[in-house]
Amino acid sequence: LPIVTGVPSYVCFPSGLPGFPGRRTFSVETLAGVPLARLASNEADGPNFLVLTEPSVFFADLGPFELDDAGRALIGATNPEELATWLILTIRPGSVTANLLGPVVVNTKTRLAVQVVRKDLSLPVSAPLPRQEQLCLS
Amino acid sequence: VLVLSRRPGETLRIGDDIVVVVVGGGHGSVRLGIEAPPHVRVFRGEIYEALAVANAAAAADGRAEEVTALALGKSS
């Protein structure tokens, strides 16, 4: 997985996100003490997402994956060290799950992001987050 | 729905900059090649649906504070 090199203060999804095609720009607020960030749409009534900014802490065996050519062209990725991978979390009472099939890849330099699809299509969109106590999640 | 017949090697153009070519077929499946500009993301239909459903479940419309509080264990 790409190496995290810092969390930008905003990101832009040039193609939106599946299900939210028109929502492109999100502010990014990191949460102190935990590897989480909140993505807040800059539009009124836009969605918010909670993302795991350091997936490898919780999912050590995610395995390497390639950003496809279109994705690379979209976010201007030339240097792998500028890329970060975030996992979108879903919080329900008593459960926190992460989307392993569709991670978000962020170019921390251009602040452009894209939700990609892993080549292993059997990966779940809602994998229980292991060791949730490390996030103080109840 | 527009329905067209195409043979392997033949193409469709969608707008000015999307080309779909029938690479081959048979045995109950059809192989397609798609050329599209980078901003046009191409997904298998069921994968797009799965991501859209997952994103909708993950999105916290107007509940940002609640979600943040939950994440930090500050909520009941």
Side-chain angles (χ1 to χ4, degrees), chain A residues 13-21 23 29 31-34 36-41 44-52 68-76 87-94 96-102 104 114-118 121 124-126 132-133 135-138, chain B residues 1-2 9-76:
Chain A
F13 292 80
S15 297
L17 291 151
F20 297 94
R23 310 298 188 175
E29 177 193 351
L31 305 183
V34 288
L36 298 176
R38 198 181 75 195
L39 272 55
S41 170
D45 300 323
N48 293 275
F49 295 100
L50 198 65
V51 297
L52 190 59
D68 62 28
D69 290 342
R72 192 175 292 112
L74 188 68
I75 67 174
L87 299 181
I88 298 177
L89 299 181
T90 298
I91 297 185
R92 296 188 178 92
V96 180
T97 58
N99 185 343
L100 301 186
L101 177 65
V104 170
V114 62
Q115 187 171 19
V116 301
V117 178
R118 298 292 306 272
L121 297 179
V125 294
S126 56
Q132 294 180 14
E133 65 278 6
L135 291 180
C136 304
L137 293 161
S138 54
Chain B
V1 176
L2 174 65
E10 294 181 335
T11 60
L12 295 174
R13 294 192 75 103
I14 301 174
D16 293 320
D17 49 13
I18 298 172
V19 180
V20 179
V21 58
V22 180
V23 177
H27 304 294
S29 70
V30 176
R31 289 175 63 78
L32 303 173
I34 299 117
E35 284 182 33
H39 69 272
V40 177
R41 303 293 291 159
V42 178
F43 298 90
R44 291 171 173 84
E46 69 277 16
I47 299 294
Y48 183 94
E49 293 299 327
L51 291 184
V53 168
N55 286 344
D61 294 290
R63 296 189 295 117
E65 300 310 319
E66 178 188 337
V67 167
T68 302
L70 262 175
L72 293 174
K74 291 174 181 171
S75 175
S76 58

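From a predicted model like this one, the values you see are computed outputs, not experimental measurements. Side chains are part of it too, since the values below use all heavy atoms of this structure and drop only hydrogens, waters and symmetry mates. Residue numbers start from 1 in every chain, and the chains themselves are labelled A, B, ... in the order their sequence lines are given, proteins ahead of strands.
- Looking only at distances, no side-chain donor or acceptor of A:Asn99 sits under 3.5 Å from a matching main-chain atom of A:Ser126.
- Of the atoms belonging to B:Ile47, it is side-chain heavy atoms, and not backbone ones, that fall under 4.5 Å from chain A.
- A donor-acceptor pair under 3.5 Å is formed between the side chain of A:Gln115 and the backbone N or O of A:Gly102.
- Only the side chain of A:Asp68 comes within contact range of chain B, with heavy atoms under 4.5 Å apart.
- Contact tally against chain A (heavy-atom pairs below 4.5 Å) for B:Asn55, B:Val40, B:Val42, B:Val53: the top residue is B:Asn55.
- Only the side chain of A:Val114 comes within contact range of chain B, judged by heavy atoms closer than 4.5 Å.
- A distance-only check finds a donor-acceptor pair linking the side chain of B:Arg13 to the backbone of B:Asp16 [under 3.5 Å].
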Stepwise side chain to side chain contact (heavy atoms under 4.5 Å, CB included) test for A:Val104 and A:Ile88: CA-CA 7 Å; A:Val104 170; A:Ile88 298 177; 3.9 Å; yes
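- Residue B:Glu10 places its CD atom among more than 12 non-hydrogen atoms of other residues, nucleotides or ligands, all under 6.0 Å distant.
- Ranking A:Asp69, A:Leu121, A:Leu101, A:Ile75 against chain B, the residue ahead of the rest is A:Leu121, based on heavy-atom pairs under 4.5 Å.
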